[in-house]
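All of these numbers come straight from a predicted model, not from anything done at the bench. All values below come from the heavy atoms of this structure, side chains included, with hydrogens, waters and symmetry mates left out.
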Amino acid sequence: MTAHPPHIVYVSSGAGNRDRVAGELHRELTEATVTTVTSGDAAFDVLTGARRVDCVVSALELPSGNGLDLLAAVRAETPGLPFVLFADAEGERPASDAIEAGVSEYVRMDGPAAHRTLARRVRESLGRHAADDAGVTRERYELLVERADDPMAVLEDGRYRVVNDACAELVGLPASGYSVQPTPSCSPLR
């Protein structure tokens, strides 16, 4: 999922439902911290506050506006943040609108085992987000290695995955074909 315990913000105006959903999320995602708020404005305050937020779960109907309005505000602030809409709306239109607006997941409150489904979808969204972050991090490291003036290489699973020009020149590798088995003459690079 994530390298740290995930922080989930759940937004709903109904106290009973808000407490039940938060409890179910805690039960199913034991490592997570769940912060509950009653409005989109309060959720946005948490999102822009000092503490990292890893996922927003929102009801469709909120006191001022709705979950789709909150989604638009969240996407403007943090485009890749997982956002799960937990809606009590019937019919295909709300789901279609949510998907069109860019929601990560849409879960109906009245579905069978809705709370478990919600927790599973939150976990999946967090996993996809962590994988996306890992890809970005890997790209950054590769860019760092490739642009360094000093010899640098990334060794992964016994194979060089990234070798910069300075390293290739130092160990006599061709300009391409950096995916080679390490040899005593070039491993480890220091």
Side-chain angles (χ1 to χ4, degrees), residues 1-140:
M1 211 176 324
T2 61
H4 59 281
H7 181 205
I8 301 164
V9 175
Y10 178 58
V11 191
S12 176
S13 58
N17 188 49
R18 187 176 55 249
D19 293 342
R20 180 172 179 213
V21 171
E24 289 292 330
L25 287 171
H26 273 295
R27 194 171 0 278
E28 296 292 325
L29 303 165
T30 56
E31 71 282 6
T33 299
V34 180
T35 300
T36 60
V37 295
T38 59
S39 69
D41 290 339
F44 202 71
D45 288 346
V46 173
L47 183 67
T48 57
R51 182 146 186 234
R52 178 185 173 125
V53 173
D54 298 294
C55 182
V56 175
V57 176
S58 178
L60 180 59
E61 297 302 321
L62 299 174
S64 56
N66 62 41
L68 296 179
D69 297 332
L70 177 59
L71 172 63
V74 168
R75 289 289 180 254
E77 183 70 22
T78 53
L81 185 71
F83 191 104
V84 179
L85 196 61
F86 192 47
D88 59 358
E90 292 190 26
E92 293 181 19
R93 184 69 185 178
S96 176
D97 290 346
I99 291 167
E100 192 173 306
V103 74
S104 304
E105 295 285 347
Y106 181 91
V107 179
R108 285 186 47 179
M109 284 183 185
D110 62 349
H115 293 92
R116 283 196 184 110
T117 300
L118 173 64
R120 188 179 73 248
R121 298 279 179 83
V122 168
R123 183 184 310 280
E124 291 167 357
S125 293
L126 289 167
R128 282 191 304 272
H129 186 67
D132 290 346
D133 281 352
V136 168
T137 301
R138 181 182 174 107
E139 289 173 14
R140 287 181 180 157

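- Closest approach of Val37 and Ala42 over heavy atoms only: CB-CB, 3.8 Å.
- Two residues are said to be in side-chain contact when any heavy atoms from C-beta on lie closer than 4.5 Å; Val107 and Val84 meet this criterion.
- In plain terms, the two heavy atoms of Val11 and Gly40 that are nearest each other are CG1-N, 4.0 Å.
- Taking CG of Leu118 as the start and CE of Met109 as the end, the distance is 8.5 Å to the nearest 0.5 Å.
- One N or O on the side chain of His7 and one on the backbone of Arg52 form a donor-acceptor pair closer than 3.5 Å.
- In this structure, CG in Leu25 is found 12.0 Å from OG1 in Thr30, a value given to the nearest 0.5 Å.
- Using a 4.0 Å cut-off between a side-chain N of Lys or Arg and a carboxylate O of Asp or Glu, Glu31 and Arg123 qualify as a salt bridge.
- When atom types are taken as modelled, the side chain of Arg121 and the backbone of Tyr106 share a donor-acceptor pair closer than 3.5 angstrom.
- The shortest non-hydrogen separation linking Phe86 to Arg108 is CE1-O, 4.1 Å.
- Side-chain atoms of Leu126 and Cys55, non-hydrogen and from C-beta on, do get closer than 4.5 Å to each other.
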Would you give me the side-chain donor-acceptor pairs under 3.5 Å for residues 63-75, sequence neighbours excluded?
{"from": "Asn66", "atom 1": "OD1", "to": "Leu68", "atom 2": "N", "distance (Å)": "2.8"}
{"from": "Asn66", "atom 1": "OD1", "to": "Asp69", "atom 2": "N", "distance (Å)": "2.9"}
{"from": "Asp69", "atom 1": "OD2", "to": "Asn66", "atom 2": "N", "distance (Å)": "3.1"}
{"from": "Arg75", "atom 1": "NE", "to": "Gly102", "atom 2": "O", "distance (Å)": "3.3"}
{"from": "Arg75", "atom 1": "NH1", "to": "Pro79", "atom 2": "O", "distance (Å)": "3.4"}
{"from": "Arg75", "atom 1": "NH1", "to": "Leu81", "atom 2": "O", "distance (Å)": "2.5"}
{"from": "Arg75", "atom 1": "NH2", "to": "Gly102", "atom 2": "O", "distance (Å)": "2.9"}
{"from": "Arg75", "atom 1": "NH2", "to": "Ser104", "atom 2": "OG", "distance (Å)": "3.3"}

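- Side-chain contact between Thr33 and Ile8 is absent, with no heavy-atom pair separated by less than 4.5 Å.
- Contact check on Glu28 versus Arg116 returns a salt bridge, with a Lys/Arg side-chain nitrogen under 4.0 Å from an Asp/Glu carboxylate oxygen.
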Quick one: do Leu85 and Ser58 satisfy side-chain contact (heavy atoms from CB on, under 4.5 Å)? Show the steps, please. CA-CA 5 Å; Leu85 196 61; Ser58 178; 4.3 Å; yes
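- Listed here is the closest heavy atom pair of Ser125 and Glu105: OG-CG, 3.3 Å.
- Two residues are said to be in side-chain contact when any heavy atoms from C-beta on lie closer than 4.5 Å; Phe44 and Leu47 meet this criterion.
- From Tyr10, atom OH reaches atom NE2 of His26 across 13.0 Å, with rounding to the nearest 0.5 Å.
- Minimum heavy-atom separation, Ala87 to Leu60: CB-CB, 3.8 Å.
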